[in-house]
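Naming: A, B, ... by sequence-line order, numbering from 1 per chain. Just the heavy atoms: all of them, side chains too, but no hydrogens, waters or symmetry mates, feed the values below.
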Amino acid sequence: MKLNNIDIRDIFFENIKKIFLKNNNFFILTNDADVFALQKLKNHPRFIDAGVCEQNLVNIASGLARKGKKVLIYGFCNFLCHRSFEQIKINICSMKLPVFIVGIGPGFSFSYDGPTHHGVQDIANMYTLPELQIVNLSENKLAHYFSRNILKITEPTYFRLDKGILYSKHKFNIYSNGFNYLKSKNKKKIIITSGYFSRLSEQLVYDKRLNDVSIIDLFNFKKLNMIKLYKIIKNYKKLIIYDENTKSGGFSFIINDLIVKRNLKFSKIKSICSPEKQIFIYRQDRETLLKDLKIDKSYLFKSLLKI
Amino acid sequence: MIKKIKIKSEKVRNIFLKLIVSGHKYHLGGSLSCLDFMITAIYGGIINIHKKKGIKNFILSKGHALGIIHAILLEKKMITYNSFKNQTSKGVIGGQLDIFNPKNFFEWNSGSLGHSVGVCIGLALTTKQKVWTLIGDAEIDEGSIWEALFFIKDKKIKNINIVIDKNNISASKKITNKGNLSPKVLKNLGFEYFEIDGHNVDLIYSVLKKVKKVKRSSLIILNTIKGKGIKEIENNIKFSHQLPSRELLGKYIK
């Protein structure tokens, strides 16, 4: 599979489809969400469209998993994470069942559909569940790796799956640390980011040839190697936290906690996150909405110059 | 069989009351309302209980009635009283059934209402055996139950039995004229439908035997009395959470 020109959803779900067809123990469930790669499975007895009822979806998935089935559920991240939060907490997490929850439409990927479809609080919400792993599939190689190896995962896991071609031309460290580090020649400024914003940061840094800006892409939030993260970021003077989620709904608290615990000193810290409000702005494309909210690539660029 | 169930019912009731008198915290009213069903189902061989493997394919959704399960485990000597006392004092056994202690003894972690019918769908899809859940009548307001009921109907799932303990009192109020409990509504859900006196052991046993043979999912309404057997607290909202005096309960221990 060529990874550089395929939509990340197709990479992920094509791999899942192959595993599903080979493994009679594997179930896929959805809440009426349509995914191109899985359309042919719709009449398969192990493919269950529970309809628009997320609580029931999660409950069914957990019952199947309790009996040893491998279960993947997918749907809009907001409806899975928030609507069925208690079901995930009690029936998946407290039971320690390895159900894979795939949240599509994270961030402002559905920029025209209003706050019901803005997935900007899910990371912090899911982080509150101690047993749940959280993987933000920010890059095509990452999505390929996790989807191909999904059966090796034994813990309940929430995957955030964006859309579009999220391919990094650079080496991507999938195997350890829970983050990827793109090191600049001159270690002055560092952006800590995740998901779609990681690719935006990368495009900016390489398009503008910003030799003094490094990037950390956090992708496995519960398995971050905090010692390594600390050892890297302590070398920088200026830090930007760049998150498409809100400050309270994203990963900011993880970094803030690290800064306080390790007494890290920066000459400048800036936080660029989605505003702490429900956004009733409707835009045909994500970039325009990000611009409206002053969290787009050009705003990041200006901030990097000013900081 | 009926004679045996009635003897066991007395024994389990006594153990349960003794546990409360000795300081264990249970919801008395809602436990006594479902006691006759639980005893009949378990001692009548309808819901399987195994000395080492515990209770499978059954979810006690109204988890606040777990005292009855504890009393059954003690009566069946699946756990000794000393071990039970020891584990409760350490906080290992308490106000919820969980799958960890004793390990995998129960099918599900109890406590949160409205989940079990959906979970039963998942369990039922993996087996041809009947899967059971006992839910409360106030619990039926949970939307997730209705999502699951319609799913069972639409997908024609045949091996789920849902028992509703209709004691007509929720945690804080009397339940009257509840539309979603009306037979007109429930009978239209496509289940085999039974409505019986939930304290008549002969009747419960004969219906459960029928249900075991029926080739579709069943809905069994048990008309019960909250606090059944202790006249001073029967149908009294005050005793949803509150316990009567030890002296009063002592009078009912035989």
Among the options [options], pick out the one with the most heavy-atom pairs lying under 4.5 Å from chain A.
{"options": "B:H115, B:E107, B:K155", "value": "B:H115"}
{"options": "B:V131, B:T127, B:V117, B:L123", "value": "B:L123"}
{"options": "B:D98, B:I121, B:I99", "value": "B:I99"}

Notebook entry, point to check: Can B:K226 be said to sit on top of B:F239's aromatic six-ring, NZ or CZ under 6.0 Å from centre and within 45° of the ring axis?
Noted result: no
Next item on the list: Tell me whether the guanidinium CZ or amine NZ of A:K163 lies under 6.0 angstrom from the six-membered ring centre of A:Y196 and within 45° of its axis.
Entry: no
Note to self: Measuring from atom CD1 of A:I73 to atom CD1 of A:I92, what distance do you get when rounded to the nearest 0.5 angstrom?
What the structure shows: 4.5 Å
Checklist line | Residues of residues 33-53 of chain A within contact distance of chain B, non-hydrogen under 4.5 Å | finding: A:I48, A:D49, A:A50, A:C53
Checklist line | For A:P106 against A:C77, the heavy-atom pair lying closest together | finding: CA-SG, 3.8 Å
Verify whether one side chain among [X] and [Y] offers a donor that lies under 3.5 Å from an acceptor in the other.
{"X": "A:N25", "Y": "A:K70", "answer": "no"}
{"X": "B:N167", "Y": "B:T224", "answer": "no"}
{"X": "B:W108", "Y": "A:N91", "answer": "yes"}

Checklist line | Contacting region of B:F100 [heavy-atom separation from chain A under 4.5 Å] | finding: side chain
Checklist line | Geometric class of the B:F84/B:H24 ring pair [parallel <30°, tilted 30-60°, perpendicular >60°] | finding: tilted
Item checked: Greatest number of heavy atom pairs closer than 4.5 Å to chain B - which of A:K89, A:Q87, A:M95 -> A:M95
Notebook entry, point to check: If you tally heavy-atom pairs under 4.5 Å against chain B, which of A:E54, A:K67, A:K69 wins?
Noted result: A:K67
Checklist line | B:D137/B:K178 ion pair, N-O < 4.0 Å | finding: no
